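Predicted, not measured: the structure shown is a model, and the values here were computed from it. What's counted below: heavy atoms across the whole structure, side chains too, no hydrogens, waters or symmetry copies.
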Amino acid sequence: MTARLSNRGIFMLAVASAFVTANAYYIHPIIGRVAESFGVGNGLVGVVPALNQFALALGVLLLLPLGDRMSNRRLVAACLSIQVIALLFMAITNSFAVFVLGSTILGFFTITPYLLPAYASKRVEASSLGFVTAVLTAGVLAGVQVSRLASGVIAEFLGWRVVYWIAAALMALSAVALPLLMQSEKHAKEALPSYRSLLSSLYGLSLQHRRVVTSGVIQGLNFGMFIATWMGIGLHLTSDRMNLGTDIVGYLAAFSGIAVLFTPMAGRYADRYGPERARLFAACAQLVGIATYALTGSTWWYLLLPIAITAIVGPIIDVSGRMTGLSQPPDVRTRMMSLYITLMFLGGSVGSWGGTVAYDLGGWSGTVALICSMSLAVCLLSHQQYRSSLVER
């Protein structure tokens, strides 16, 4: 019989999700310092987060289905152990190529935060599923926000390599503690689809559920815009023109942590007005906020207004998009979410590299032009989806 998860166990899973999620976002405040350390340009250093996000998308697509074929406990332990090694290479290497390779491997094996919700859903009462999902999602968001604050402050006073030494220690701790918290599982493999058939079914499902795919594209643009924004902020504030420390970037990232507080409200708003309508409203509000970045070229505290606006409405776009996948039949929801998350991180990959290239070519104005274009595309696609939902009714 499967044992139920306690509230303490759920909280520990959320903490582990935060630690693992954080690995992809330490680079944001320190990207300028990393470029200087390896002697590469702003455009080239963008391959670090870009390949990390691309590898993460590929890992979700190829590794996540293994959760239906093998013990989640063993899969998590293996992925975390490999991440420890990757982080150690990133901390000690003097080769930019090795640093990029370590970051890419790190991204590919970052599936734990997306595996744990499915694991937890089998070990809680149905009436508690919403609460558990919210707690684990809050853990992911906390990892995104806190990692950038910690990275910026630590790098400013101790150097950027210390960031990755600490990250490796946290992953080593997680690799030991998390498998002890999780239960062993035995799958009746003959009763389950094969791994190959699960992967091959994704194409057919993408054709049958175009709304989910479009939602994934919208969130990919939304997430890519978020990444591009913080790539630009990190490079702009630490540039010779602004001459600020990475700790200021970290403090701004901490301010954007208000997103954690508004995520539950985003879900209630989408429930009340419907996901398509809620997403369209949020996309339009976000475009207004993004446009105000154009006024922030020379004064860093002007960034507070657009950061606040996007932090509040950004989660509505994501939550609304996830609802289109989670509203599908139970037997395809995991694969629908795999498609959605894959498209999301592919967008993050584009935003990672696009953000650094745009800054390299046009400075802060280039970054603003890029993110405004992406925000406008989110608005147009959200409007198209809203009109389609009205026709379907």
I166 reachable from I85 in the ILVMFWY side-chain graph, under 4.5 Å edges =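 As far as the 4.5 Å side-chain criterion goes, I166 and I85 are not connected within one cluster.
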Report task. For Y340 and D318, test the side chains for any donor-to-acceptor distance below 3.5 angstrom and give the result as yes or no. Result ->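 There is such a pair between these side chains.
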State whether a side-chain donor-acceptor pair under 3.5 Å links E276 with S382.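 No.
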Tell me the closest heavy-atom pair linking [X] and [Y], and the distance in Å.
X: M90; Y: L106; value: SD-CD2, 4.1 Å
X: A35; Y: G41; value: CB-O, 4.4 Å
X: A86; Y: I105; value: CB-CG2, 4.2 Å

Hey, is the main chain of [Y] close enough, under 3.5 Å, to the side chain of [X] for a donor-acceptor pair?
X: S17; Y: P113; value: no
X: W364; Y: Y293; value: yes
X: W353; Y: G43; value: yes
X: E156; Y: G245; value: no
X: S147; Y: V144; value: yes
X: S375; Y: C372; value: no
X: S37; Y: V34; value: no
X: S388; Y: Q384; value: yes
X: T310; Y: I307; value: yes
X: R161; Y: T93; value: yes

Would the W160 and F99 ring centres measure less than 6.0 Å apart?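 For W160 and F99, the ring centres are under 6.0 Å apart.
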Are the aromatic rings of H383 and Y386 close, with centres under 6.0 Å apart?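 Not under 6.0 Å, so no.
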Item to check | Heavy-atom side-chain proximity of W230 to L235 below 4.5 angstrom | outcome: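 A side-chain contact is absent here, since even the closest heavy-atom pair is not under 4.5 Å.
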I'd like a table of donor-acceptor pairs (distance under 3.5 Å, sequence neighbours excluded) in which one partner is a side-chain atom from residues 50-64, with atom names and distances.
| from | atom 1 | to | atom 2 | distance (Å) |
| --- | --- | --- | --- | --- |
| N52 | ND2 | S103 | O | 2.9 |

So H28 and Y25, would you call those rings parallel, tilted or perpendicular, with 30° and 60° as cut-offs?
->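 Answer is perpendicular, since the angle exceeds 60°.
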Please indicate whether F38 has more than 12 foreign heavy atoms, meaning atoms of other residues, nucleotides or ligands, lying under 6.0 Å from its CZ.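 Enclosed.
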